[in-house]
Amino acid sequence: MLQQTQVKTVLPYYDRFLKTFPDVFKLAEAEEATLMQHWEGLGYYRRARSMHAAAKRIVEDHDGVFPSDFDEVLALPGIGRYTAGAILSISGDQRFPVLEGNTQRVFSRWVALRRPPTETQSTKLLWQIAESMLPPKKGSGLFNQAAMELGALVCTPKNPNCGECPVRKHCAAHRFGKEAEIPGKLAKIKYESRREYAFVVREAGAGDDEPPRYLMRALPEGVRWSGLWDFPRTIERSIDSVEEAAVEVSVSLNQPLQIGEPLTRIKHAVTKYRIELQVHHADLPSPSASQNHDSESPWKFVTAKEMKKLPLSVTGRKIAKLLD
DNA sequence: AATACGGGGTG
DNA sequence: CACCCAGTATT
């Protein structure tokens, strides 16, 4: 959960997660949708799927006991060098270093590294530094956590609080007065603006006493928000007009889509993309077609109440709230 | 080596 | 708005 996500953000998720999945067996046998439900809003959803796969493998290959061998931990899905080192140093005080956002910055300043820390050579050097600074025998877990905590609370990206830093006397960046310029600037991200469209398709021909149902589907493997549910929407490229978007969505629905009134406009960001999502109502002109989709189709009509129990993307959730 | 993957917090 | 977060997997 903590990969690329601030501790403060994770805390409430973590507590709920442990209550629902108190051990590796519960996690392994859970439905993926249940897992995703608990992950909703955290982002980087592949982490949840990887964790699920890892739990299954721990049950199958390790008799339900988390491995203590570095290479076996590293081999688990979703676990790289950082996470393997963090787990083994913190849980068993094994002597492995960690290098992540915080320690990258802390050690870059420590040695006054000129180059951006993400360059291959820098990364190699920083891992060596992290390893060399570990206490020789006991205490690697405590050291790693302290180093990360120092980065999170004192040695911050902007306006580092060197006056409070317990190790400032040994920090090369501070000695040179270069703490503001180090770590070196990363290559500037090229942001890309996109316009995308979503459609709220209300089921035609439902009785007046029935709650309305809306078309949704779970995103398939290999696309954004894989494993989450969402309304029909465009994805993967910018689209200029609602008409063009309707055609695109019609293809995936395998039936024509009649554009209705605009409902809302949601701005959000996915990595380098800044997306303006235009949301329209829409109809399926032939009611029979809306009921007779084949069993291969992922699309389903869902009530607002049912949406509350499905894992939705954040934008999907925002739209769902408007329908309730 | 570059890119995809989310969403929220912060200055 | 730009940058960053207790990164990993894939191309």
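Note that these values count all heavy atoms, side chains included, but never hydrogens, waters or copies made by symmetry. Not measured: the values here are computed from a predicted model. The chains referred to below are lettered A, B, ... by the order of the sequence lines, with proteins before strands, and numbering in each begins at 1.
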Looking at [X], I'd like to know whether one of its side-chain N or O atoms comes within less than 4.0 Å of OP1 or OP2 on [N].
X         : N       : answer
Thr5(A)   : dA6(C)  : no
Gln4(A)   : dG7(C)  : yes
Lys8(A)   : dT10(B) : yes
Lys158(A) : dC4(C)  : no

Whether the [X] and [Y] side chains hold a donor-acceptor pair (N or O, under 3.5 Å, no angle test) is what I'd like checked.
X         : Y         : result
Gln3(A)   : Thr83(A)  : yes
Arg224(A) : Ser313(A) : no
Thr20(A)  : His38(A)  : yes
Thr103(A) : Glu100(A) : yes
Ser297(A) : Arg217(A) : no

For this session: Scan residues 31-45 of chain A against DNA chain B and write down, sorted by residue number, each residue with any heavy atom closer than 4.0 Å; if none is found, say none.
Result: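 Under 4.0 Å from DNA chain B: Gly41(A), Leu42(A), Gly43(A), Tyr44(A), Tyr45(A).
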Problem set entry | Distance, P atom - from dA6(C) to dG11(B), rounded to whole angstrom | 14 Å
Exercise. Can you tell me how far P in dG6(B) sits from the matching atom in dT11(C), rounded to whole Å?
Worked result: 15 Å
Integer-rounded Å distance: [N] [atom2] and [X] [atom1]:
X         : N      : atom1 : atom2 : value
Leu2(A)   : dG8(B) : CG    : P     : 17 Å
Leu153(A) : dC5(C) : CG    : C1'   : 13 Å
Trp225(A) : dA4(B) : CH2   : C1'   : 13 Å
Lys318(A) : dG6(B) : NZ    : C1'   : 12 Å
Leu11(A)  : dG8(B) : CG    : C1'   : 14 Å
Ile266(A) : dG6(B) : CD1   : P     : 17 Å
Lys272(A) : dG7(B) : NZ    : P     : 17 Å
Glu221(A) : dA4(B) : CD    : C1'   : 15 Å

Exercise. Should the ring pair Phe17(A) and Trp39(A) be called parallel, tilted or perpendicular, given that the plane angle runs from 0 to 90° and is split at 30 and 60?
Worked result: perpendicular
Problem set entry | Those residues of residues 92-119 of chain A lying under 4.0 Å from DNA chain C by at least one heavy atom |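 Per residue number, the list reads Glu100(A), Gly101(A), Asn102(A), Arg105(A).
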Candidates [options] - which lies nearest the side chain of [X]:
X        : options                 : answer
Gln3(A)  : dG7(B), dT8(C), dA6(C)  : dT8(C)
Ile90(A) : dT10(C), dA6(C), dG6(B) : dA6(C)
Arg46(A) : dT8(C), dC5(C), dA6(C)  : dT8(C)

Please work out if [X] contacts a base, only the sugar-phosphate, or nothing of the nucleic acid, heavy-atom cut-off 4.0 Å.
X         : result
Arg274(A) : sugar-phosphate
Val314(A) : sugar-phosphate
Ser50(A)  : nothing
Tyr273(A) : sugar-phosphate

For this session: Identify, between Gln6(A) and Val270(A), the residue whose nearest nucleotide on DNA chain B lies closer to the 5' end.
Result: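 The residue closer to the strand's 5' end, by nearest nucleotide, is Val270(A).
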Seminar exercise, completed: Comparing Asn159(A) with Leu312(A), nearest DNA chain B nucleotide closer to 5' gives the residue Leu312(A)
Problem set entry | Within 45° cone and under 6.0 Å: Arg46(A) NZ/CZ vs Tyr44(A) ring | no
Exercise. With a 3.5 Å cut-off and just heavy-atom distances, do the side chain of Thr9(A) and the base of dG9(B) make a donor-acceptor pair?
Worked result: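 Such a pair does not exist between side chain and base.
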Exercise. Any chance CG of Leu11(A) has more than 12 other-residue heavy atoms, nucleotides or ligands included, within less than 6.0 Å?
Worked result: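 Counting other residues, nucleotides and ligands, CG of Leu11(A) exceeds 12 neighbours.
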Exercise. Can you tell me if OH on Tyr14(A) sees more than 12 non-hydrogen neighbours from other groups inside 6.0 Å?
Worked result: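 12 or below, so no.
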Exercise. Taking atom CE of Met216(A) and atom CG of Leu310(A), what is their separation to the nearest 0.5 Å?
Worked result: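 CG of Leu310(A) is found 7.0 Å from CE of Met216(A).
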Problem set entry | Salt bridge present between Arg57(A) and Glu60(A) (N-O < 4.0 angstrom) | no
